[in-house]
Amino acid sequence: MRLSNYFMPVLKETPADATIASHQYMLRAGMVRQQSAGIYAWLPLGHRVLKKIEQIVREEQDKAGAVEMLMPTIQSADLWKETGRYDAYGPEMLRITDRGDREMLYGPTNEDMITDIFRSYVRSYKSLPLMLYHIQWKFRDERRPRFGVMRGREFLMKDTYSFDIDEAAARKSYYKMFVAYLNTFARLGIQAIPVKADPGPIGGDLSHEFVILAESGESGVFCHSDLLEMAAPGEVDFDSDLSDHVDKRMALYAATDEKHDEAAFAAIPKDKQMSARGIEVGHIFYFGDKYSGPMKADVMGSDGKPHTIMGGSYGIGVSRLVGAIIEASHDENGIVWPKSVAPFGVGIINLKSDNEDTNAVCETLYSQLSKAGVDPLYDDSSDRGGVKFSRMDLIGLPFAVTVGPRGIKEGVIEVKNRATGERQSLTPDAAAKFLISEFTS
RNA sequence: CGGAGUGUAGCGCAGUCUGGUAGCGCACUAAGCUGGGGGCUUAGGGGUCGUAGGUUCGAAUCCUAUCACUCCGACCA
């Protein structure tokens, strides 16, 4: 992409409304625009990141055997009355009526609808286990939206629902998602810790939050520091026994402040005690027959008798992750994107846009990188160098290449690593080769 | 939902207390000088002061209502 053809309205000054780094940088980098309290328009740069995160989440769900679909944002109140949640959910649910005065709602979650879909098609235990997911916008009318996209009212969420014949089978599904989440967050470039959680209003008795540590986190987290060292499982056979991956993590103490047990925490060796702030980026629940019971979602078992299915739901806050990743990865100059979610791979800075030599080098590099799929952003504007440098630092692409007349005279251009600050002078060809290798390993 | 604030140009703000016909910086437009970390000069354009009433000869400024947004708390992907 050429900057001259793009729409990336960066701000020099920090908007007064934003108080935390991720919100400030998202506004300054022109990623989002607030349209209403907790409701954002995703501008091109932010949209790219959102889609990258979404795609990684999708790929990891697919690997775990979940099947993608798409349910509507607007739901009829009927199903919610059937499960009793229409009254239970309270004012957080946005209720609307259509022209026929029928009660509708903008979905805050989809357990009721997916259970309805399930019960209308699935008749036999032979169709199980089944995991269905979608990535769809949700609306929860929060009392107090804040922190930009981290606590919006409208947000993009991946929600998976599992259906199993009994509790033992349901636990396997739970473990699959547990492992899928570890892999997902690792690919997103963040260290997420599974923490025992309160099942909350969704109900159930097996529940974990996945939190990443960041100073601006909304909850306190206490855990065994080994949890931060464990590598994600990576490529695994999801039909195999996953309990090793899960159990060794569950064995270590980890809790948010509301479930914190001082005595259990004190039992951790002193040098392994970790207490910090955390951002919840995922939450998984096993809730048994909470929905399948009242909605009569049952299948015929091998014993010839109907069995109420045992369910779970598994959420990842996709739009929240955009902010959360920035919270976990930024410096005083701006965002530092992990490679996997960066909106572009490499920034190309042409220091003198009216110079034939620098233009030629930039054009060649731009075309080489584009062909290799590195997705460069070429700053071909006539702004001064300083403006280009600081803008590039702000939007946080993994690498920035500086092409200027001074370097060209010596046959070199400069490649800077955004995360480490390390700079190297290379010939244009060597730079292209280096950058392409960085993104194809 | 309790408490505290803020709405003046695209962004950041001053002006409000003490009423007199709206200003600064950045950004934007034009020209020129510049050119390796947010440059300089000159000349421009842009605002029914959140909205609606009221008081007054006169309201950004005082009064009333209302809307929106932010922050702190209690709650949440």
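Not measured: the values here are computed from a predicted model. Note on naming: letters A, B, ... go to the chains in the order of the sequence lines (proteins, then strands), and numbering restarts at 1 for each one.
Ranked by how close their nearest RNA chain B nucleotide is to the 5' end, Glu209(A) and Asp17(A) are led by Asp17(A).
In this structure, the side chains of Met93(A) and Phe139(A) stay at 4.5 Å or more apart for every pair of heavy atoms.
Using Watson-Crick or G-U wobble geometry with both donor-acceptor distances under 3.5 Å, rU55(B) finds no partner in any strand shown. Pairing for rG5(B) is with rC69(B), a Watson-Crick or G-U wobble pair whose two hydrogen-bonding atom distances lie under 3.5 Å. Checking rG36(B) for Watson-Crick or G-U wobble geometry (two distances, each under 3.5 Å) identifies no partner in any strand.
Out of rC75(B), rA77(B), rU70(B), the shortest distance to the side chain of Gln34(A) is found at rU70(B).
Nucleotide rA77(B) holds its P atom 16 Å from the CD1 atom of Ile212(A), rounded to whole Å.
Side-chain atoms of Thr358(A) and Asn350(A) form a donor-acceptor pair, as typed in the model, at a separation below 3.5 Å.
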### Task
At under 4.0 Å between heavy atoms, which parts of nucleotides 33-40 of chain B does protein reach? Answer with one letter per nucleotide, 5' to 3': B base, S sugar-phosphate only, - none.
-BBBBBB-
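The residues Arg153(A) and Asp141(A) are annotated as salt-bridged, a charged nitrogen and a carboxylate oxygen being separated by less than 4.0 angstrom. Ion pairing of Glu218(A) with Arg151(A) is present here, as a side-chain N (NZ or NE/NH1/NH2) and a carboxylate O approach within less than 4.0 Å. Ion pairing between a basic and an acidic side chain is recognised when a charged N comes within 4.0 Å of a carboxylate O; Arg95(A) and Glu103(A) show no such pairing.
Within the 4.0 Å cut-off from OP1 or OP2 of rC11(B), not a single side-chain nitrogen or oxygen of Thr14(A) is found. Residue Arg144(A) places no side-chain N or O under 4.0 Å from the OP1 or OP2 atom of rC75(B).
Nucleotides rG50(B) and rC75(B), compared at atom C1', are 30 Å apart to the nearest Å.
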#### Entry: Chi angles and distances behind the side-chain contact (heavy atoms from CB on, under 4.5 Å) call for Arg391(A), Ser381(A)
CA-CA 12 Å; Arg391(A) 179 165 55 209; Ser381(A) 70; 3.3 Å; yes
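Among the atoms of the strands shown, base atoms are found under 4.0 Å from some heavy atom of Gly152(A).
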